Amino acid sequence: MYSVTIFIAHIWLLGAAWTDLKFRKVSNRWCLCGAIVAMVLLAVQSTPEMGGLAFFLDRIFGALFASGFLLLGTLIRRGGIGMGDVKVFFVLGLLLGTECVGIVLFLTLVTALIVAAVGLAIKRMNRKYSLPLCTFAYIAMVTLCLMRRC
């Protein structure tokens, strides 16, 4: 059942990454659909065989940790991180759990930082240029799955 969750997370995040890359926005409807699917999967998977309450709490904490971290960044620097990214990482936390979403978040931010630094160094972008964070999140998630960490 967990591999189904990973597959759904990939498909959902790919859609979010595509819309973020194309329109620089992730719609609230897309995030709501992802959250509903994640909650249904969470309800189905929160059985004693999967860990029961501990499994459920891990997913909820992962969602709150990842989205809370990005929300803090949004509040510190207005216009830096969009609320769509916060919502996307909330859904990813529900789907992946604390450990995996923490690694995805770390890889996402490091990758975005490297791209931004290179872009600024070669003068392809300026300080006001916005990066589609969901695209980097998808790259991070694929990397994580290729390393068999999720």
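Note that the structure is predicted; figures quoted are calculated from it, not measured. For reference, positions follow the sequence shown, starting with 1.
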Would C100 and L144 count as a side-chain contact (heavy atoms from CB on, under 4.5 Å) if you check the C-alpha gap in whole Å, the side-chain angles of each, and the deciding distance to 0.1 Å? CA-CA 8 Å; C100 285; L144 193 64; 4.3 Å; yes
Please determine whether side-chain contact (heavy atoms from CB on, under 4.5 Å) holds for the pair L70 and L105, giving the CA-CA distance in whole Å, both sets of side-chain angles, and the decisive distance to 0.1 Å. CA-CA 9 Å; L70 290 178; L105 179 62; 3.9 Å; yes
Where do I103 and E99 land on the side-chain contact (heavy atoms from CB on, under 4.5 Å) test, with the steps shown first? CA-CA 6 Å; I103 297 169; E99 181 182 350; 4.1 Å; yes
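L96 has its side chain within reach of M141: a pair of non-hydrogen atoms, C-beta onward, lies under 4.5 Å apart. The shortest distance between side-chain heavy atoms of W18 and Y138 does not fall below 4.5 Å. Side-chain contact between M83 and L71 is present, with heavy atoms from C-beta onward closer than 4.5 Å. At least one side-chain heavy atom of H10 sits less than 4.5 Å from a side-chain heavy atom of I6. Using a 4.5 Å heavy-atom threshold, the side chains of V115 and F136 count as touching. Counting only heavy atoms from C-beta outward, the side chains of D20 and K25 never approach each other to under 4.5 Å. Contact annotation: the side chain of L42 approaches that of F55 to within less than 4.5 Å [non-hydrogen atoms, C-beta and beyond]. Between V88 and W30, every side-chain heavy-atom pair lies at or beyond the 4.5 Å cut-off.
L75 and F69 fall within the same hydrophobic cluster, where Ile, Leu, Val, Met, Phe, Trp and Tyr residues are linked whenever their side-chain heavy atoms come under 4.5 Å apart, directly or through other members. Cluster membership check: L133 does not share its hydrophobic cluster with L113, using side-chain heavy-atom separations under 4.5 Å among Ile, Leu, Val, Met, Phe, Trp and Tyr. There is a path of hydrophobic side-chain contacts, each under 4.5 Å, that joins M39 to L57. Note on L13: it clusters hydrophobically with V4, by side-chain heavy-atom contacts below 4.5 Å among ILVMFWY residues. In this structure, M147 is not a member of the same hydrophobic cluster as F7, with clusters built from ILVMFWY side-chain heavy atoms closer than 4.5 Å.
Taken to the nearest 0.5 Å, the CD1 atom of I114 stands 11.0 Å off from the CG atom of L109. To the nearest 0.5 Å, the span separating CG on L41 from CD1 on I36 amounts to 12.0 Å.
Across every non-hydrogen atom of T74 and G82, the tightest pair is OG1-O, 4.4 Å. Taking both residues in full, the closest heavy atoms of C134 and V26 are given as SG-CG2, 3.7 Å, listed atom of the first, atom of the second, then distance. Taking all atoms of both residues into account, the shortest heavy-atom contact from T108 to A137 is OG1-CA, 3.1 Å. Nearest heavy atom pair, residue T135 against residue A17, reads OG1-O, 3.4 Å. Here the shortest heavy-atom pairing between A63 and S67 reads O-OG, 2.6 Å. The two atoms that bring S46 and F56 nearest to each other are OG-CB, 3.6 Å, heavy atoms only.
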